[in-house]
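Scroll down for the structure; my scribbles are underneath it.
Chain naming here is simple, since letters A, B, ... match the order of the sequence lines and numbering starts at 1 in each.
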Amino acid sequence: MSHEIALFAKNFWKKNSAMIENLVIVESPAKAKTIEKFLGKNFQVKSSFGHIRDLKKKDSGIDIANNFKPSYEVQADKKKVVTELKKLAKEASTVWLASDEDREGEAIAWHLKEALKLDPSKTKRIVFHEITKDAIMHAVEHPKDIDQDLVNAQQARRILDRIVGFEVSPILWKKVKPSLSAGRVQSVTVKLIVEREREIQAFKSESNFRVIGHFTLVDENGKEQTIKAELDTRFKNEKAVQKFLEECRQSTYSIENVVKKPGKRSPAAPFTTSTLQQEASRKLGYSVSQTMAIAQRLYEAGFITYMRTDSVNLSKLALNAAKAEITSMAGAKYVKTRNYSTKSKGAQEAHEAIRPSYMDKHEIEGGNQEQRLYELIWKRAVASQMADAELEKTTATIKVSGSKQKFVASGEVITFDGFLRLYIESTDDEGETTQNGNESLLPPLEVGQALGSQSIVATERFSQRPPRYTEASLVRKLEELGIGRPSTYAPTISTIQNREYVVKEDRDGVERTYKEYSLADGEIASATKTEITGAEKKKLFPPDIGIVVNDFLDEHFKDIMDYNFTANIEVEFDNIASGKLQWTSALQDFYKDFQPAVEETVKNAERQVGERVLGTDPKSGKPLSVRLGRFGPIAQIGTQDDEEKPTFASLLKGQSIETITLEEALELFKLPRTLGDFEDKTVVIGIGRFGPYIRHNSKFVSIPKGEDPMEITLEEAIEKIKAKRIQEELNKLKTFEEEPELQILKGRFGPYISYKKKNYKIAKGTDPLSLSLEDCRKIIEETPEKPKRGGARKKKS
DNA sequence: CAGTGAGCGAGCTTCCGCTTGACTT
């Protein structure tokens with residue numbers, strides 16, 4: 001009976017699937033779902049999940065001698081999709097290749113045709129720019145052929161990237177450290193960070209004095225008002241400040257001039273991948289990969305359009321929907337339909353800007369993060385179609401009698417809010433905002449009007465060093481330079497952090513003093529004040545390995561490390577796409593300079609460890625140097641050639657071989673430090689990866705932050721050791737007499753079993769006290785061996 | 001999960017762009 005049902009189902013399926021006349025293949029499954037709704041029953045829409053084939057992993061996949069002949073293979077994780085598509089394509093009467101219209105999309109269509117062995121007579125290539133019924137039907141009525149020139153441009157891109165990555169990386173393994181990587185995109189990305197760090201280190205801050213006056217006047221209602229104004233001159237030194245304030249003691253103040261100017265502000269374009277990442281970082285504090293993961297969920301739920309795009313364009317449908325929405329929300333005078341155009345280099349614009357699927361959906365149901373990101377996308381898209389904000393700017397100059405200098409007060413009033421009603425774009429302002437930034441309304445002022453002086457304060461201000469990059473501001477820079485694509489910004493930033501070329505860190509600021517002079521009630525006073533400067537949050541820093549690799553590549557591969565390299569070859573790829581250039585000659589052109597550089601470097605480049613000799617150790621008279629060791633940056637006293645072995649010390653977190661001083665390096669050698677004996681075993685203070693520690697009887701006790709490891713006495717150390725013992729005793733939940741090595745302990749994440757220095761987790765819901773020795777042994781038995789750390793990196797497929 | 005910092009030298013690492021889940025802790 002069940003057999004009969006199965007047979008029936010099989011036949012039914014066969015019959016039904018044979019009925020599908022048309023197979024449409026798109027790149028994304030979410031898109032497939034949407035499109036299927038627009039097309040009739042005769043269409044089945046499937047997804048390729050992006051590229052299905054790639055260059056062979058082994059032996060580079062390119063036969064360079066044979067005119068760069070590529071060998072492709074179906075990627076391991078795409079075998080299933082390809083098999084399924086092959087089967088469906090066989091059954092269909094027509095296969096429609098509907099991947100994106102850009103270089104990569106064209107290549108996907110071509111690879112599909114090749115890998116699925118599609119019959120040319122029943123294969124059609126279509127593209128559409130909007131996911132609407134009209135657009136799709138129009139595309140179906142106007143099929144094209146696969147554009148082989150565009151495909152060749154993609155092949156050239158792909159092959160060049162493989163050649164760069166797979167020929168340069170192995171050089172790094174030999175000359176610097178195993179498992180490192182280099183590539184057209186990642187290596188210049190790191191360079192941006194390294195160069196910025198050097199600019200910051202070289203930066204010499206200069207100071208001057210900014211003068212702010214507070215003036216009073218009585219308005220028409222008899223009420224006293226104050227206005228704040230900044231002097232048009234910044235003084236270079238204290239003498240000039242004193243001289244000016246001295247003059248001011250006798251001065252009177254009056255309005256010399258009042259200028260009113262209308263102004264306007266326009267909304268920003270709707271989001272692209274890059275601007276979404278920037279705003280989500282500034283407004284919501286998300287990392288770029290976080291933003292992309294949340295956006296992906298919104299896309300899959302059908303709330304937003306595609307999130308990997310470099311286009312600021314909105315579909316007609318969206319423009320109309322926005323117009324209707326704004327009209328019903330705020331009225332027709334808030335509407336202004338705008339078409340934005342892309343200004344970033346190398347944009348391919350296969351998609352729309354990122355926008356809500358439905359403009360009238362103000363909020364969505366779902367997680368908190370999804371809701372917040374959606375709100376941002378909705379506001380930005382709608383605001384982009386709203387009227388300019390209109391404002392009136394007032395600038396008043398204040399004359400100081402007996403002085404050349406003038407004060408300037410400015411105010412701003414919004415006379416029509418326009419798009420500001422909905423959305424204000426954030427900026428990456430570093431440090432101080434200008435006092436004039438908080439513009440507000442000025443009271444009515446008349447030329448010649450006399451003002452009273454409440455106070456004049458001159459504050460020492462320092463010039464700002466260049467800002468360190470955040471993930472998001474780095475993405476903006478990459479986009480500006482045309483390096484990388486929307487789909488790779490987040491992965492690239494993860495890669496350079498995984499390689500430890502770059503770390504994202506917080507840094508404490510340092511205290512700085514500044515002078516302040518003030519004049520109030522005819523008295524001049526001065527004060528020295530302090531402020532915290534240079535504190536950083538989630539900023540990108542280059543550790544030593546990043547610097548060493550960068551310098552090595554910069555020295556030997558100047559062409560690839562040029563910021564314009566990508567932009568220049570993109571021109572060539574465009575020429576291939578338009579049929580003006582053979583793709584193989586573009587590659588030959590590149591390779592004729594690249595290959596000698598590879599050979600030269602392999603042969604002649606010295607091993608690079610970033611060594612710097614800082615000076616001599618006063619105790620031994622031997623040279624003290626810093627360099628990259630096998631486990632990270634180290635300081636070393638003496639050399640390998642000495643009869644006595646050199647002594648070593650690891651650099652601390654935050655220290656760099658590039659900036660460490662001799663004094664700081666000498667400090668490192670003061671640890672480990674032996675305090676004395678306790679219970680016949682020595683007590684040693686040291687410093688490790690997790691900070692300073694006390695070691696006794698091969699046990700470690702951490703020294704809490706804020707306590708100086710140089711100051712700890714033997715007595716204090718013994719106390720900490722005893723305290724730790726008590727804590728350990730308290731953590732023991734259960735022990736077994738017949739097996740003292742096996743214990744049930746209480747840890748940070750709950751109870752666990754400890755046996756022979758290894759830990760085993762106890763399943764949730766189990767009462768740890770109820771476990772018998774046999775139970776514990778069973779758990780240990782059944783726990784799989786952990787993969788060894790440090791070997792192969794975590795990888796997909 | 002902490003102190004090392006050479007070395008017998010097997011066999012491995014690596015790119016960019018297009019797309020989503022499937023794995024454990």
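- Between B/dG9 and B/dT13, the two C1' atoms lie 16 Å apart (nearest whole Å).
- Across B/dT4, B/dG17, B/dA2, the shortest atom-to-atom separation from the side chain of A/Val185 is found for B/dG17.
- Listed by first residue number, the stems of DNA chain B with at least three Watson-Crick or G-U pairs below 3.5 Å amount to none.
- Close to B/dG17, at under 4.0 Å from its OP1 or OP2, lies no side-chain N or O of A/Arg162.
- Look at A/Ser181 and you'll find a side-chain N or O under 4.0 angstrom from OP1 or OP2 of B/dC15.
- A salt bridge does not link A/Glu73 with A/Lys58: none of the charged nitrogens is closer than 4.0 Å to a carboxylate oxygen.
- A/Gln296 comes within 4.0 angstrom of sugar-phosphate atoms only, judged by non-hydrogen atoms across all strands, and of no base.
- Salt bridge status for A/Glu667 with A/Lys670: present, with a side-chain N to carboxylate O gap under 4.0 Å.
- The nearest pair of heavy atoms linking A/Gly546 to A/Val190 is O-CG1, 4.1 Å.
- The side chain of A/Tyr299 lies closest to B/dT20, out of B/dT4, B/dT20, B/dT13.
- With 3.5 Å as the limit, one finds a donor-acceptor pair spanning the side chains of A/Tyr72 and A/Gln155.
- Side-chain contact of A/Gln154 with A/Glu104: a donor-acceptor pair under 3.5 Å is present, judged by distance alone.
- At the heavy-atom level, A/Arg297 lies nowhere under 4.0 Å from the strands shown.
- Counting non-hydrogen atoms under 4.0 angstrom, A/Tyr489 reaches nothing in the nucleic acid.
- A/Ser650 comes within 4.0 angstrom of a base, heavy atoms only.
- Phosphate contact (OP1/OP2 of B/dG5, side-chain N/O of A/Arg627, threshold under 4.0 Å): absent.
- For the pair A/Leu651 CG and B/dG5 P, the computed distance is 17 Å after rounding to whole Å.
- Side chains of A/Arg125 and A/Ser99: a donor on one and an acceptor on the other come within 3.5 Å.
- Nucleic acid contact class of A/Ser28 (heavy atoms, under 4.0 Å, all strands): sugar-phosphate only.
- Within 4.0 Å of A/Val164, counting heavy atoms only, lies no atom of the nucleic acid at all.
- Atom CG of A/Asp102 is separated from atom C1' of B/dG17 by 10 Å (rounded to the nearest Å).
- B/dT13 has A/Trp173 stacked on its base ring, the centres lying under 5.5 angstrom apart and the planes within 30 degrees of parallel.
- Phosphate proximity of B/dC18 to A/Arg485: present, with a side-chain N or O under 4.0 Å from OP1 or OP2.
- Using a 30° and 60° split on the angle between ring planes, A/Phe594 and A/Phe590 fall in the parallel class, below 30°.
- Residue A/Arg103 is out of contact with every strand shown, counting any heavy-atom pair closer than 4.0 Å.
- Taking atom CD of A/Glu611 as the reference point, atom C1' of B/dG5 lies 13 Å away to the nearest angstrom.
- Judged purely by distance below 3.5 Å, without hydrogens or angles, the side chains of A/Asp544 and A/Ser656 pair a donor atom with an acceptor atom.
- With its ring centre under 5.5 Å from that of the base six-membered ring and a plane angle below 30°, A/Phe166 counts as stacked on B/dT14.
- Listed candidates were B/dT19, B/dG17, B/dT20. Nearest to the side chain of A/Asp100 is B/dT19.
- Between A/Thr488 and B/dC16, a side-chain N or O to OP1/OP2 separation shorter than 4.0 Å is absent.
- Look at CD1 on A/Ile52: it is 12 Å from C1' on B/dT19, rounded to the nearest Å.
- Comparing the P positions of B/dT24 and B/dT20 gives an interatomic distance of 23 Å, to the nearest angstrom.
- Among the heavy atoms of the strands, none lies under 4.0 Å from A/Pro491.
- At a threshold of 4.0 angstrom between heavy atoms, the contacts of A/Gly50 include nucleobase atoms, whether or not backbone atoms are also involved.
- For the pair A/Lys78 NZ and B/dC18 C1', the interatomic distance rounds to 7 Å; values are reported in whole Å.
- If you check every strand for non-hydrogen atoms under 4.0 Å, A/Gly105 touches nothing.
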Pair A/Arg308-A/Asp100, salt bridge (Lys or Arg N to Asp or Glu O under 4.0 Å): steps then yes or no: CA-CA 12 Å; A/Arg308 290 186 275 266; A/Asp100 297 341; over 6 Å; no
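- A/Arg157 contributes a side-chain N or O that forms a donor-acceptor pair with the base of B/dC16 under 3.5 Å.
- A/Ala107 comes within contact range of no nucleotide atom at all, as no heavy-atom separation falls under 4.0 Å.
- Residue order along DNA chain B, read from the 5' end via each residue's closest nucleotide, puts A/Gln186 first among A/Ser487 and A/Gln186.
- For A/Arg53 and B/dG17, the CZ to C1' distance is 16 Å, given to the nearest whole Å.
- Atom CG in A/Asp310 sits roughly 13 Å away from atom C1' in B/dG17 (whole-Å rounding).
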Check against salt bridge (Lys or Arg N to Asp or Glu O under 4.0 Å), A/Asp617 and A/Lys622: CA-CA 6 Å; A/Asp617 168 35; A/Lys622 288 181 182 172; over 6 Å; no
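- Atom P of nucleotide B/dT19 and atom NE2 of A/His351 are separated by 6 Å, given to the nearest angstrom.
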